[in-house]
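Side chains are part of it too, since the values below use all heavy atoms of this structure and drop only hydrogens, waters and symmetry mates. As the structure is a computational prediction, the values presented were derived from the model and not from experiment. We name chains A, B, ... by the order of the sequence lines, and we start the count at 1 in each one.
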Protein chains: 4
Amino acid sequence: MLVLMETQRAARGRARSEVSRQAVLAAATQIIGTDGYAALSIERIARESGVGKQTVYRWWPTKADVVMEALLHKVEVNIPIPDTGSLEADLRQFLTTSLRFGRMSQVVELLRALAAEAQLNPDFAERFRATFVDHRRAALTTILTRDEGRRPAPVRTSTLVDVVFGVIWYRLLILPTEFDDDLVTELVTLLTPTGDQ
Amino acid sequence: MLVLMETQRAARGRARSEVSRQAVLAAATQIIGTDGYAALSIERIARESGVGKQTVYRWWPTKADVVMEALLHKVEVNIPIPDTGSLEADLRQFLTTSLRFGRMSQVVELLRALAAEAQLNPDFAERFRATFVDHRRAALTTILTRDEGRRPAPVRTSTLVDVVFGVIWYRLLILPTEFDDDLVTELVTLLTPTGDQ
Amino acid sequence: MLVLMETQRAARGRARSEVSRQAVLAAATQIIGTDGYAALSIERIARESGVGKQTVYRWWPTKADVVMEALLHKVEVNIPIPDTGSLEADLRQFLTTSLRFGRMSQVVELLRALAAEAQLNPDFAERFRATFVDHRRAALTTILTRDEGRRPAPVRTSTLVDVVFGVIWYRLLILPTEFDDDLVTELVTLLTPTGDQ
Amino acid sequence: MLVLMETQRAARGRARSEVSRQAVLAAATQIIGTDGYAALSIERIARESGVGKQTVYRWWPTKADVVMEALLHKVEVNIPIPDTGSLEADLRQFLTTSLRFGRMSQVVELLRALAAEAQLNPDFAERFRATFVDHRRAALTTILTRDEGRRPAPVRTSTLVDVVFGVIWYRLLILPTEFDDDLVTELVTLLTPTGDQ
DNA sequence: GGGTAAGCGAGACGGTACGTCCGGTCTTACC
DNA sequence: GGTAAGACCGGACGTACCGTCTCGCTTACCC
């Protein structure tokens, strides 16, 4: 119904230019690829995309939102929730998928830039969380909750979720290290009930 | 030896003004307290501290370095490494100390700002790690290494360290949540060998 | 014939909206009255009149032309040429009428704005002269020409006309002074043959 | 004494760059000569003079003030007041000098632009009057005042002054006509006592 | 105690980007 | 074909900082 109303919407005036939208995203991606996020400015995006500055401001509140939209083309937003019946297998699959992006250096640079921006701009922080954090948290929470009853005891599911994403973001943002393949195994070990051994 | 050389240093010309140094740090602290880190600029630091811009540039490479020095007055840099004989007690003490700063909102804001800056400026990132990350990592590594032999198996000490700091930084930088008191207990549970039950 | 064709003109499509025309003139008048001519823009006229920008551009080449049309509602365009038989009386009447507008501050502000625009835009300058300058010049020329034979000598009628309008415009545009009542008498004295004393 | 104090002035900080000042004036002159005053913008002045925008804003409140300063290099500001003993000769000399600038098309274009700006900006209007209007008015007033006693009667000196400058500005700003040589003679005739015939 | 060298506050400099506004044009759906 | 709506590119506005530079002054060591 809502969709219908939106589709029916009067839509007066000239329609948004899809060409300009793509040009902006492409220019932003290209600038960051060449000179890094620090060199990104709305002025330069407009200049190099051949788009009016006002057009950028009309559709994106900050340059970080431009970058976020560009990144969404590279990363799947819909997180598949594995359900193999085995907690361990589910976890392993989820982690393997998640870490794959952490190894794509282009994606990592953008994620770092967005996280930085989120520190400085609370409004953007909220959009960032809604887009890049909440979905994945929910997925992992679902996986771990299935197992809740069997867990030894005093560790809340939400804390376990924080452990997983904490390690990932910590390595992305604070340490200069890369992800290695054993990390998945180690995290699975930490998260699964140990009493079954 | 190095210290000696520095002390012996010719030191011709006028000496560095301690008054100006303090004024700069005070102004930076005050600006951030009032308007947030986003409002901080070297221009404004100079203006409000009554110091020449050149003086700021002479002694600090970026405004983040000013903030970092100001923060060092609020946080202990030398991390005491507890050694009670009990891994669990050592861990609990270390975590309690570490989390205390995570609850001081003024400190948290500065840490977030510095982390943001570190994303955008690799040179600063290195100084930031050397100052705020490496010492604490080394301390926790020492604590956990004592126990290494007794751990079940496949989880490296460095990964356990990442788990601890990962959770902390993740909550500081990504989530809007606060630290609660149970977190220490949960982390200790996760990190200590479970075979002792 | 041409007129006939125009009158017969097929008039295909929608006719010009008189409502919009009035709304544009009213908005322009209102904006200038509130914030002065410097605050006038076609964008704002369209916004405040509820008219499409394109509609303004279709009917008026510049914002100054909008103002000019608005002003024509306040000032008589057809200049009555007094003919009392006495040069002095004719002059006095003509000058009194002309100066009346120079005392209406609302009219003065618009005239100043139009004169300013005429300096910067030659095309508009021509339309401005045709509308606000030529008629009055012709009227005064007629009055003074009747007397030409009786004038002492070397001053051309056109120069006398320039003297009259020169004083008026000079006070409107360059000096911050107002018109006073004695000016009419003084100008009449200067312009009428002095030999009749 | 005042001069001394100004000369003694502390003069802290870097001195104003004379090179930049000249570059700004030259660029403004060149832009107007090429594309007309309507094409002048502070942005373009800065760009073409190789000067920072802020530098222009630091020293000139509006672009019209830049133009005014540039014009002062072309026109004498100190008005010599002739005193030959004969009113007629003094007037003739003063008018001949004044009209000379009215024939220099480059000067005329700038004067028209400044007059236009003065209509739209009251602050500038005052500076414009102080610089280009008041000195000349004072000079002519002095000349005419010497003769005051001999004048027939009811025309104030200030009105006569307005007549002279009125004709000049009227032809510069409103009419498309040029000055011709007979104008001086005609104005002298109008202004000198007629009883001497 | 004079020379000299570095630090100091002040502030101008060339740049770059900010976010806003407006100029004209173009496109859309409606009337 | 006119109309309101509104997006489009271009470009100027005036401001804020950037990092550098250049003043005249102060401080403090060194000969």
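- Scanning for salt bridge (charged side-chain N to carboxylate O under 4.0 Å, His left out) contacts around A:Lys63 gives an empty result, with sequence neighbours left out.
- Qualifying ring pair (Phe, Tyr, Trp, His ring centres under 6.0 Å) partners for A:Tyr37, counting only residues two or more places apart in sequence or in other chains: none.
- One N or O on the side chain of B:Thr34 and one on the backbone of B:Gln30 form a donor-acceptor pair closer than 3.5 Å.
- Mapping D:Lys53 and D:Arg21 onto DNA chain E by nearest heavy atom places D:Arg21 at the nucleotide closer to the 5' end.
- Across E:dT27, E:dA12, E:dG9, the shortest atom-to-atom separation from the side chain of A:Arg14 is found for E:dT27.
- Contacts of D:Thr62 classified as side-chain hydrogen bond (donor to acceptor under 3.5 Å, both in side chains), with partners at least two apart in sequence or in another chain: D:Asp65.
- By the side-chain hydrogen bond (donor to acceptor under 3.5 Å, both in side chains) test, D:Arg44 pairs with D:Asp35, D:Glu48, sequence neighbours left out.
- Using a 4.0 Å cut-off, no side-chain N or O of D:Ser20 falls inside it from OP1 or OP2 of E:dA12.
- Listed in residue order, the members of residues 54-73 of chain B having a heavy atom less than 4.0 Å from DNA chain F are B:Gln54, B:Tyr57.
- Contact annotation: D:Arg47 side-chain N/O to F:dA12 OP1/OP2 distance is under 4.0 Å.
- Contacts with DNA chain E (heavy atom under 4.0 Å) in residues 109-124 of chain C: none are found.
- For C:Ser20, the side-chain hydrogen bond (donor to acceptor under 3.5 Å, both in side chains) partners are C:Ser17, not counting sequence neighbours.
- Between D:Arg12 atom CZ and E:dC13 atom P there is a gap of 18 Å when expressed in whole angstrom units.
- Using a 4.0 Å cut-off on heavy atoms, the residues of residues 34-45 of chain B that approach DNA chain F are B:Ser41, B:Ile42, B:Glu43, listed by number.
- Comparing B:Gly13 and D:Gly13, the nucleotide of DNA chain F nearest to each residue sits closer to the 5' end for D:Gly13.
- The side-chain hydrogen bond (donor to acceptor under 3.5 Å, both in side chains) check on B:Glu43 picks up B:Lys53, with sequence neighbours excluded.
- A search for side chain to side chain contact (heavy atoms under 4.5 Å, CB included) contacts involving C:Leu71 returns C:Lys74, C:Val75, C:Val107, C:Leu110, C:Leu111, C:Leu114, C:Phe132, not counting sequence neighbours.
- The line from CG of C:Leu40 to CD1 of C:Ile32 is 4.5 Å long, rounded to the nearest 0.5 Å.
- For C:Arg21, the salt bridge (charged side-chain N to carboxylate O under 4.0 Å, His left out) partners at least two apart in sequence or on another chain are C:Glu18, C:Glu69.
- B:Phe124 meets the ring pair (Phe, Tyr, Trp, His ring centres under 6.0 Å) test with no other residue; sequence neighbours excluded.
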